[in-house]
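Working notes, structure below.
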Amino acid sequence: MDKFRIIGGTPLSGSVAVSGAKNSALPCLAAALLTPDTVTLHNVPYVRDLITMRRLLEDLGCTVLVPALRTHQINAGTVDACEAPYELVKTMRASVLVLGPLVARFGEARVSLPGGCAIGQRPIDLHLKALEQMGAQIELQNGVVHARADRLQGADIEFEMVTVGGTENLLMAATLAKGRTRLINAACEPEISDLADLLNKMGANIEGAGTSIITIEGVNALGGTSHTIIPDRIETGTLIVAAAITCGELEITHCNANHLTAVIEKLRAVGVEIEQVNESTLHVKGKSHLRAADVATEVYPGFPTDMQAQYLTLMTQAEGEAVIDETIFENRFMHVSELQRLGANLRVHGHQCRSHGPTPLTGAKLIASDLRASASLVLAGLAAQGETWIDRVYHIDRGYEKIEEKLRSVGANIERIKG
Ligand code: EPZ
């Protein structure tokens with residue numbers, strides 16, 4: 001397994017580009033199952049989860065061409081299977097996003113239940129309940145969900161809690177259903193709007209994406225199109241924190257600041273200088289004296305749970321005490337024990353973590369656990385004095401494109417040790 005070796009203490013400086021959003025590219029690839037025509041996606045990030053999704057689509061019988069590193073051409077005209085096997089689903093929960101498209105277009109899907117992961121149980125009960133409301137028969141046998149429907153029927157679906165994946169699965173399923181579907185209490189993330197933009201280009205009839213009520217008029221068929229994936233707002237936020245925690249100065253390009261206003265507002269409030277140069281460029285300047293401030297993760301447009309670990313790491317270097325409240329997932333403080341090994345003053349009580357700073361961090365050997373926790377360990381290593389080793393960096397490779405190369409290009413002393 002690859003490791004990262006980091007020598008901390010260098011302020012980052014220079015310009016770095018953000019890649020396409022992993023959490024938009026994943027549902028957009030799955031959406032290609034809804035048509036026999038070719039769907040071309042640009043700005044697809046070169047990360048492990050997208051390689052996994054591409055393999056899943058190929059296993060279902062799709063042809064996936066990659067004429068350029070970040071362009072995927074998917075043709076689902078030859079799909080001859082409807083099963084997402086456990087071997088793939090257990091490595092990437094987002095495999096469940098093929099459930100809605102397969103049932104909608106082929107009337108059948110067999111998807112292994114994803115099982116829990118490091119940050120929580122993450123069931124898909126709301127996905128299944130909503131598909132049943134649209135007339136699907138759902139059976140669970142040997143850990144595999146078997147969903148069938150002659151043709152899904154439009155319905156009013158009210159999610160009892162906001163679910164990004166559930167909204168995406170049902171949005172895709174409803175495009176080919178008979179009649180109108182309304183998704184109520186829908187997720188409002190930019191990735192939902194990006195998916196809806198793609199689906200409408202394919203001939204779907206969707207209104208209200210990005211709000212909590214999405215209306216879909218079902219159509220009989222969808223066609224091919226081309227689409228460019230939005231920038232990754234979480235990578236953008238991670239890079240802002242990298243500049244802040246090293247007291248550096250970064251120009252962050254190819255981003256969309258409108259997709260992370262809650263993050264930018266919070267980081268400005270603690271003292272990070274963030275200037276929006278133009279629509280796709282931020283100029284960030286870290287300062288040595290940051291002020292600690294509480295944060296609670298919320299559904300979009302609130303402070304995203306995917307930025308919690310990165311923000312918590314920054315708070316270890318801020319003056320005073322901050323309470324970080326994780327309200328979305330039940331176990332998303334895996335990074336805390338690793339940060340404590342570097343010297344951070346952190347205490348977890350239930351779904352809250354209390355940070356007291358600033359505490360000087362000194363390098364140590366760490367183990368990555370989940371994607372965003374692992375990114376926070378890289379940030380901590382950049383700030384720590386001395387040498388930090390991070391094992392199991394495949395967690396990071398799932399959602400960040402060559403993060404060590406990007407960071408090295410702006411002065412970080414970080415290298416990947418092939419294992
Ligand atoms: C998506 O996961 C993202 N993944 C996650 O990003 C992100 O943290 C999460 O949304 C929240 O923003 C992708 O987009 C691929 P949810 P998802 O359904 O769809 C509960 C990353 O780091 N729930 O909104 O799985 C669930 O347990 C990843 O890139 C149910 O109880 O999240 C959780 O507590 C990590 N039943 C909460 O809702 C359901 O049927 C939010 O989950 C569905 C969800």
Side-chain angles (χ1 to χ4, degrees), residues 19-31 45 47-50 52-53 56 89 91-100 111 113-133 138 140 145 157-172 183 185-195 212 229-230 232-238 259-260 262-263 297-310 326-332 334-335 351 368-376 395-401 403:
S19 300
K22 161 181 88 83
N23 290 350
S24 177
L26 288 168
C28 286
L29 255 78
V47 298
R48 280 168 57 102
D49 275 4
L50 268 301
T52 304
M53 180 60 84
L56 172 55
V89 177
T91 59
M92 188 189 64
R93 327 174 31 74
S95 307
V96 298
L97 292 173
V98 301
L99 179 62
V111 175
L113 270 180
C117 76
I119 63 178
Q121 279 192 312
R122 302 179 72 186
I124 60 168
D125 55 312
L126 301 180
H127 304 225
L128 303 178
K129 189 174 160 190
L131 283 173
E132 281 181 322
Q133 282 182 257
I138 307 276
L140 180 58
V145 171
I157 293 164
E158 183 158 1
F159 288 109
E160 59 192 75
M161 68 190 298
V162 173
T163 160
V164 172
T167 302
E168 289 165 345
N169 243 332
L170 272 294
L171 180 60
M172 291 187 280
L183 303 181
N185 199 24
C188 303
E189 273 71 2
E191 291 77 27
I192 306 282
S193 301
D194 201 31
L195 174 62
S212 56
I229 301 294
I230 57 172
D232 193 312
R233 60 194 168 99
I234 304 302
E235 184 188 19
T236 306
T238 305
H259 292 165
L260 66 160
V263 172
T297 60
E298 295 169 14
V299 297
Y300 196 86
F303 191 94
T305 175
D306 291 351
M307 277 298 300
Q308 177 258 103
Q310 300 90 315
E326 173 53 63
T327 71
I328 305 293
F329 289 107
E330 65 265 30
N331 183 36
R332 203 167 194 176
M334 305 285 282
H335 39 291
H351 57 83
S369 57
D370 63 271
L371 170 55
R372 306 304 172 180
S374 317
S376 73
H395 287 290
I396 301 173
D397 293 335
R398 293 190 51 177
Y400 290 90
E401 184 177 325
I403 192 170

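Keep in mind that this is a model prediction, so the values were computed, not measured. All ligand and atom numbering here is 1-based and tracks the order in the structure. Numbers for residues simply follow the sequence, beginning at 1.
Here the shortest heavy-atom pairing between I192 and A187 reads CG1-O, 3.7 Å. Contact record, T163 with H127: OG1-NE2, 3.9 Å, taken as the closest heavy-atom pair. Minimum interatomic distance between P304 and V263 (heavy atoms only, all atoms of both residues): CD-CG2, 3.4 Å. Annotation for M172 and L97: closest pair CE-O, 3.4 Å, computed over non-hydrogen atoms. V96 and N169 get closest at one heavy-atom pair: O-ND2, 3.0 Å.
When only non-hydrogen protein atoms are considered, atom 38 (O) of ligand 1 lies nearest to M161 CE, 3.4 Å. Nearest non-hydrogen protein atom to atom 1 (C) of ligand 1 is V164 CB, 4.0 Å. From the protein, the heavy atom lying nearest to atom 40 (O) of ligand 1 is L126 N, 2.7 Å. Scanning the protein heavy atoms around atom 32 (O) of ligand 1, the nearest turns out to be F329 CZ, 4.2 Å. For atom 15 (C) of ligand 1, the closest non-hydrogen atom on the protein side is N23 OD1, 3.3 Å. With respect to atom 17 (P) of ligand 1, the closest heavy atom belonging to the protein is R122 NH2, 3.8 Å. In this structure, the protein non-hydrogen atom closest to atom 31 (O) of ligand 1 is P123 CG, 3.4 Å. Of all protein heavy atoms, the one lying nearest to atom 36 (N) of ligand 1 is D125 OD1, 2.7 Å.
With ligand atoms numbered from 1 in the order given, ligand 1 contributes 40 (O) to contacts under 4.0 Å with heavy atoms of H127. Against a heavy-atom cut-off of under 4.0 Å, I124 is close to the following atoms of ligand 1: 39 (C), 40 (O). Near G165, meaning under 4.0 Å from any of its heavy atoms, are these atoms of ligand 1: 18 (O), 19 (O). Counting atoms of ligand 1 from 1 in the listed order, those under 4.0 Å from a heavy atom of K22 are 21 (C), 29 (O). Of all the atoms in ligand 1, the ones that sit under 4.0 Å from a non-hydrogen atom of R332 are 8 (O), 22 (O), 35 (C).
Taking distance alone, with nitrogen or oxygen atoms compared against 3.5 Å, L26 stays at or beyond that limit from ligand 1. Polar contact with ligand 1: absent for E330 (N/O pair, distance under 3.5 Å). Considering backbone and side-chain atoms alike, R93 places every N or O at 3.5 Å or more from each N or O of ligand 1.
Side-chain contact between V47 and R398 is absent, with no heavy-atom pair separated by less than 4.5 Å.
Side-chain polar atoms of T327 and E298 form no donor-acceptor pair below 3.5 angstrom.
Heavy atoms of G166 stay at 4.0 angstrom or farther from ligand 1. For the ligand labelled ligand 1, residue M53 lies outside the 4.0 Å heavy-atom shell.
With hydrogens and angles ignored, the 3.5 Å screen pairs a side-chain donor or acceptor of N185 with a backbone N or O of F159.
Contacts between T163 and ligand 1 below 4.0 angstrom, taking non-hydrogen atoms only, involve backbone and side chain alike.
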Evaluation steps, side-chain contact (heavy atoms from CB on, under 4.5 Å), between T167 and E189 | CA-CA 10 Å; T167 302; E189 273 71 2; over 6 Å; no
Show the numbers, then the answer: is there a side-chain contact (heavy atoms from CB on, under 4.5 Å) between I328 and E326?
-> CA-CA 6 Å; I328 305 293; E326 173 53 63; 3.4 Å; yes
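Comment: D306 engages R332 in a salt bridge, judged by a side-chain N to carboxylate O separation of less than 4.0 angstrom.
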